[in-house]
Peer 1: 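The following block contains the structure, expressed as structure tokens.
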Amino acid sequence: DEYANKPGHGSGMISRSTQHPVTLDRMFNPWELYDTMDRKTIQLQVEMMENGMRFNPDKMEDMREKYLGLREDVFNDLEKLVGYRVLPTSPVQVQRLLFGEMGLRPIKFSKKTKLPSADDKTLEDLKDRDTTTPQAAETIGLIQKYREYDKLLSSYILPIQEFIRHDPLHLAHTEIKNTRVVSGRWSSGDPINLMALPKQGDAAKEFREAVEPRYKDWVMWTGDYSGIEMRTIGTQDEAIAEVFISGLDIHTNTASKMWSVPYDEVDRDKHRYPAKRVGFGAVFGITAIGLLPLLPAENRTIEFAQWLIDSFYNIYAGMAEFIIKVQDRARQYGAMWDQWGRIRQFAELQSPRKYVVEAAMREAFSHYVQGTAQGVIKVPMGALLGTIKAYGIRAIPLIQIHDDIVMEVHKDDVSLCNVVVGNLMASATSLGEIPIEVEINTGETWAECGAELDTYKAVGTYRTFVGDINESIMVT
């Protein structure tokens with residue numbers, strides 16, 4: 001009952017958006033999903049929590065000193081700019097500064113305090129407003145920087161240091177949660193949310209440089225699913241499917257068609273980067289406003305962002321049609337399901353507010369894509385421990401983060417691990433004719449797992465998905 005009643009995992013009677021109640025458990029059985037996927041990963045989940053990750057204490061101390069200094073520098077720069085000391089983590093002080101003294105017009109108000117919101121998203125929107133003065137934009141930028149450095153210190157650097165200080169191997173542990181995310185993706189929490197470590201930027205690289213094997217003659221090992229969410233969408237769009245079947249890079253292909261330049265002449269920064277940003281955003285139904293802060297400063301205009309989105313859906317018209325189909329189903333049944341049968345209900349579809357309904361529609365498509373992709377990752381995770389033990393591979397699973405599985409592997413077993421685990425990850429499930437591609441990397445630290453070592457592709461035949469969006473559901 002606990003599993004079935006978690007938000008996003010329910011089945012049963014769904015009638016909010018239909019004239020007749022719909023029995024989704026005629027098609028989906030949450031206990032079958034639990035038995036075939038979630039339950040099989042529990043042993044791996046427990047081992048990863050017990051194994052922990054080794055952080056080099058000297059490198060973590062270097063990070064502490066660096067970001068304490070950067071935070072202090074930003075604090076002093078802000079004081080010089082506005083003429084007095086302001087604590088950027090204090091909502092009251094930031095509200096008084098921005099909306100009182102600087103006279104900025106609030107974008108939204110806190111439901112609890114009824115005061116103007118000064119959260120990170122609001123600050124980003126304020127900074128990009130045409131009516132925001134250069135001084136106000138600079139002030140907001142400093143507030144954002146301070147908060148960024150403060151979060152790195154309070155959420156990651158200092159807690160990791162405290163944890164590894166008391167462990168002889170300098171290991172940090174996290175609590176991994178199996179069924180708390182609506183898409184089925186793992187999450188982590190107390191005492192340190194290691195799965196939320198920064199993914200990009202200098203801090204991301206520095207954290208990964210600090211993660212190293214606990215034993216001599218071992219290396220860090222990563223298996224990364226390449227473009228798994230776009231491959232999932234490719235099951236519904238022939239143009240996307242053809243890119244992956246042909247072995248082309250999806251973002252380079254998109255950029256080539258957007259700018260009408262030959263595939264081999266696509267510029268990485270000018271063409272591919274914006275195409276990649278809109279490609280990732282399309283999975284979440286991104287809008288021009290949402291895409292804007294992800295673009296390079298020289299191209300950060302609403303017109304360019306909208307052109308990117310329109311061009312993307314012109315190239316991949318099948319995806320645009322599929323989004324409409326998914327959203328129609330969500331509106332009809334008040335819920336959406338991925339191809340594994342993981343259901344998420346959307347009460348927001350009954351809201352009288354248009355923006356709430358539109359956000360729910362975007363989330364419905366995102367649930368289908370993310371849930372299906374996560375199943376492709378989770379099924380082989382259920383077989384990982386048994387596989388490495390059966391082959392006698394000396395490996396220590398650490399964490400599943402983003403689309404990667406991270407382990408420590410003995411140097412003498414790397415080649416065997418690459419073949420065995422690489423093929424397991426690539427062939428345990430199926431996306432039809434679209435190959436599932438896994439990139440294998442090793443290094444002395446996690447950060448060094450960047451130069452591609454091996455790639456494994458497979459057209460899996462493990463199972464047939466039970467939740468095809470094109471199937472109809474019986475209405476009682």
Peer 1: Between the side chain of Ser351 and the main-chain N/O of Glu348, is any donor-acceptor distance below 3.5 Å?
Peer 2: no
Peer 1: Does the side chain of Asn193 pick up a donor-acceptor pair with the side chain of Thr174 at under 3.5 Å?
Peer 2: no
Peer 1: Hey, are Lys325 and Gln236 close enough side-chain-wise for a donor-acceptor pair under 3.5 Å?
Peer 2: no
Peer 1: From Leu153 CG over to Gln161 CD, what is the distance, rounded to the nearest 0.5 angstrom?
Peer 2: 9.0 Å
Peer 1: Could you pull out the closest heavy-atom pair between Gly279 and Phe312, with the gap in Å?
Peer 2: CA-CE1, 3.7 Å
Peer 1: Under 3.5 Å, is there a donor on one side chain and an acceptor on the other for Ser246 and Glu242?
Peer 2: yes
Peer 1: Measure the spacing between CD1 of Ile140 and CD of Glu138 and express it to the nearest 0.5 Å.
Peer 2: 11.0 Å
Peer 1: Taking the inter-plane angle between the rings of Trp259 and Phe304 on a 0 to 90° scale, is it parallel (under 30°), tilted (30 to 60°) or perpendicular (over 60°)?
Peer 2: tilted
Peer 1: Looking at Arg147 and Pro88, would you say the former's side chain and the latter's main chain have a donor-acceptor pair under 3.5 Å?
Peer 2: yes
Peer 1: After noting the C-alpha distance and the side-chain angles of Tyr84 and Leu97, does the key distance pass the side chain to side chain contact (heavy atoms under 4.5 Å, CB included) rule?
Peer 2: CA-CA 10 Å; Tyr84 63 93; Leu97 172 64; 3.6 Å; yes
Peer 1: Test your reading of the model: is there a side-chain donor-acceptor pair from Thr372 to the backbone of Gln339, 3.5 Å cut-off?
Peer 2: yes
Peer 1: Would you find a donor on one side and an acceptor on the other, under 3.5 Å apart, between the side chain of Ser256 and the backbone of Thr252?
Peer 2: no
Peer 1: Tell me if the centroids of the rings in Phe280 and His251 come within less than 6.0 Å of each other.
Peer 2: yes
Peer 1: So, do Ile160 and Leu194 sit near enough that their side-chain heavy atoms are less than 4.5 Å apart?
Peer 2: yes
Peer 1: We want to know whether Asp119 and Thr122 form a side-chain donor-acceptor pair, criterion being a heavy-atom distance below 3.5 angstrom.
Peer 2: yes
Peer 1: Can Lys59 and Glu209 be counted as an ion pair, charged N to O under 4.0 angstrom?
Peer 2: no
Peer 1: Going through the distances and angles, do Leu398 and Glu408 end up as a side chain to side chain contact (heavy atoms under 4.5 Å, CB included)?
Peer 2: CA-CA 7 Å; Leu398 304 182; Glu408 297 172 23; 3.7 Å; yes
Peer 1: Look only at the side chain of Gln327 and the backbone of Arg329, and say whether a donor-acceptor pair between them is shorter than 3.5 Å.
Peer 2: no
Peer 1: Could you tell me whether Arg353 atom CZ has more than 12 heavy atoms of other residues or ligands within 6.0 Å of it?
Peer 2: no
Peer 1: Flag the pair Arg342 and Asp38 as a salt bridge only when some basic side-chain nitrogen lies within less than 4.0 angstrom of an acidic carboxylate oxygen.
Peer 2: yes
Peer 1: Can you tell whether the side chains of Glu124 and Lys121 come within less than 4.0 Å, N to carboxylate O?
Peer 2: no
Peer 1: Tell me which donor-acceptor pairs under 3.5 Å the side chains of residues 261-269 have, and how far apart each pair is, sequence neighbours excluded?
Peer 2:
unit_1: Tyr263; atom_1: OH; unit_2: Asp249; atom_2: N; d: 2.8
unit_1: Asp267; atom_1: OD2; unit_2: Asp269; atom_2: N; d: 3.0
unit_1: Asp267; atom_1: OD2; unit_2: Lys270; atom_2: N; d: 2.7

Peer 1: Are side-chain heavy atoms of Val211 and Thr445 found at a separation under 4.5 Å?
Peer 2: no
Peer 1: Provide the closest heavy-atom pair for Ala275 versus Met258 in the form atom of the first, atom of the second, distance.
Peer 2: CB-SD, 4.2 Å
Peer 1: Taking Asp167 first and then Arg54, would you say they form a salt bridge - that is, a charged N and a carboxylate O separated by under 4.0 Å?
Peer 2: no
Peer 1: Do Phe322 and Tyr368 have their ring centres less than 6.0 Å from each other?
Peer 2: yes
Peer 1: How are the rings of Phe75 and Tyr146 set to each other: parallel, tilted or perpendicular (split at 30° and 60°)?
Peer 2: tilted
Peer 1: CG of Leu104 to CD of Gln95: how many Å apart, nearest 0.5 Å?
Peer 2: 12.5 Å
Peer 1: Restricting to non-hydrogen atoms, name the atom on Ala136 and the atom on Thr132 that form the minimum distance, rounded to 0.1 Å.
Peer 2: CB-CG2, 3.6 Å
Peer 1: Using a strict threshold of under 4.0 Å (side-chain N to carboxylate O), is an ion pair present between Asp403 and Arg185?
Peer 2: yes
Peer 1: Within the side chain of Lys108, is there an N or O that forms a donor-acceptor pair under 3.5 Å with the backbone of Pro116?
Peer 2: no
Peer 1: Is it the case that more than 12 heavy atoms not belonging to Arg300 sit under 6.0 Å from its CZ atom?
Peer 2: yes
Peer 1: Please report the shortest heavy-atom distance between Met381 and Ile377, naming the atom on each side.
Peer 2: CG-O, 3.3 Å
Peer 1: Compare every heavy atom of Gln93 with every heavy atom of Leu87, then report the nearest pair and how far apart it is.
Peer 2: N-OE1, 2.8 Å
Peer 1: For the residue pair Phe244 and Arg231, establish whether any side-chain heavy-atom pair is separated by less than 4.5 Å.
Peer 2: yes
Peer 1: What side-chain donor-acceptor pairs closer than 3.5 Å can you find for residues 313-320, not counting sequence neighbours?
Peer 2:
unit_1: Asn314; atom_1: ND2; unit_2: Asp310; atom_2: O; d: 3.1
unit_1: Tyr316; atom_1: OH; unit_2: Asn253; atom_2: ND2; d: 3.1
unit_1: Tyr316; atom_1: OH; unit_2: Thr254; atom_2: OG1; d: 2.8

Peer 1: When you look at CD of Glu65, are more than 12 heavy atoms from neighbouring residues, nucleotides or ligands closer to it than 6.0 Å?
Peer 2: yes
Peer 1: Residues in side-chain contact (heavy atoms from CB on, under 4.5 Å) with Leu70, at least two apart?
Peer 2: Lys66, Tyr67, Tyr149
Peer 1: Should Gln45 and Thr41 be marked as a side chain to side chain donor-acceptor pair (under 3.5 Å) after you check the CA-CA gap, both sets of side-chain angles, and the distance that decides it?
Peer 2: CA-CA 6 Å; Gln45 171 191 358; Thr41 65; 5.2 Å; no
Peer 1: Can you tell me if NZ on Lys145 sees more than 12 non-hydrogen neighbours from other groups inside 6.0 Å?
Peer 2: no
Peer 1: Just do the side chain to side chain contact (heavy atoms under 4.5 Å, CB included) check on Trp340 and Gln374 with the steps written out, would you?
Peer 2: CA-CA 10 Å; Trp340 302 93; Gln374 182 56 26; over 6 Å; no
Peer 1: Any ion pair linking Arg71 and Glu148 (charged N to carboxylate O, less than 4.0 Å)?
Peer 2: no
Peer 1: Mind checking whether Arg214 and Asn51 have side chains closer than 4.5 Å, heavy atoms only?
Peer 2: yes
Peer 1: Could you state the interatomic distance from CE (Met48) to CE (Met407), rounded to the nearest 0.5 Å?
Peer 2: 8.0 Å
Peer 1: Nearest 0.5 Å please: distance from the CD atom of Glu437 over to the OH atom of Tyr225.
Peer 2: 12.0 Å
Peer 1: If you compare all heavy atoms of Ile228 against all heavy atoms of Leu431, which two are closest, and at what distance to 0.1 Å?
Peer 2: CD1-CD1, 4.2 Å
Peer 1: Is Ser154 reaching over with its side chain to a backbone N or O of Asp150, donor-acceptor style, under 3.5 angstrom?
Peer 2: yes
Peer 1: Using side-chain heavy atoms (C-beta onward) and a distance below 4.5 Å, is Val219 in contact with Glu444?
Peer 2: yes
Peer 1: Should Glu175 and Met49 count as side-chain neighbours, where that means a heavy-atom distance under 4.5 Å?
Peer 2: yes
Peer 1: Just how far is it from atom CG of Leu308 to atom CG of Leu295, taken to the nearest 0.5 Å?
Peer 2: 6.0 Å
Peer 1: Under a 4.5 Å cut-off applied to non-hydrogen side-chain atoms, are Asp338 and Ser183 in contact?
Peer 2: no
Peer 1: Return yes when atom CG of Leu115 has more than 12 non-hydrogen atoms of other residues, nucleotides or ligands closer than 6.0 Å, and no otherwise.
Peer 2: yes
Peer 1: So His170 and Phe163, side chain to side chain contact (heavy atoms under 4.5 Å, CB included) or not? Walk me through it.
Peer 2: CA-CA 8 Å; His170 305 302; Phe163 214 115; over 6 Å; no
Peer 1: Is there side-chain contact between Asp202 and Glu206, with heavy atoms separated by less than 4.5 Å?
Peer 2: yes
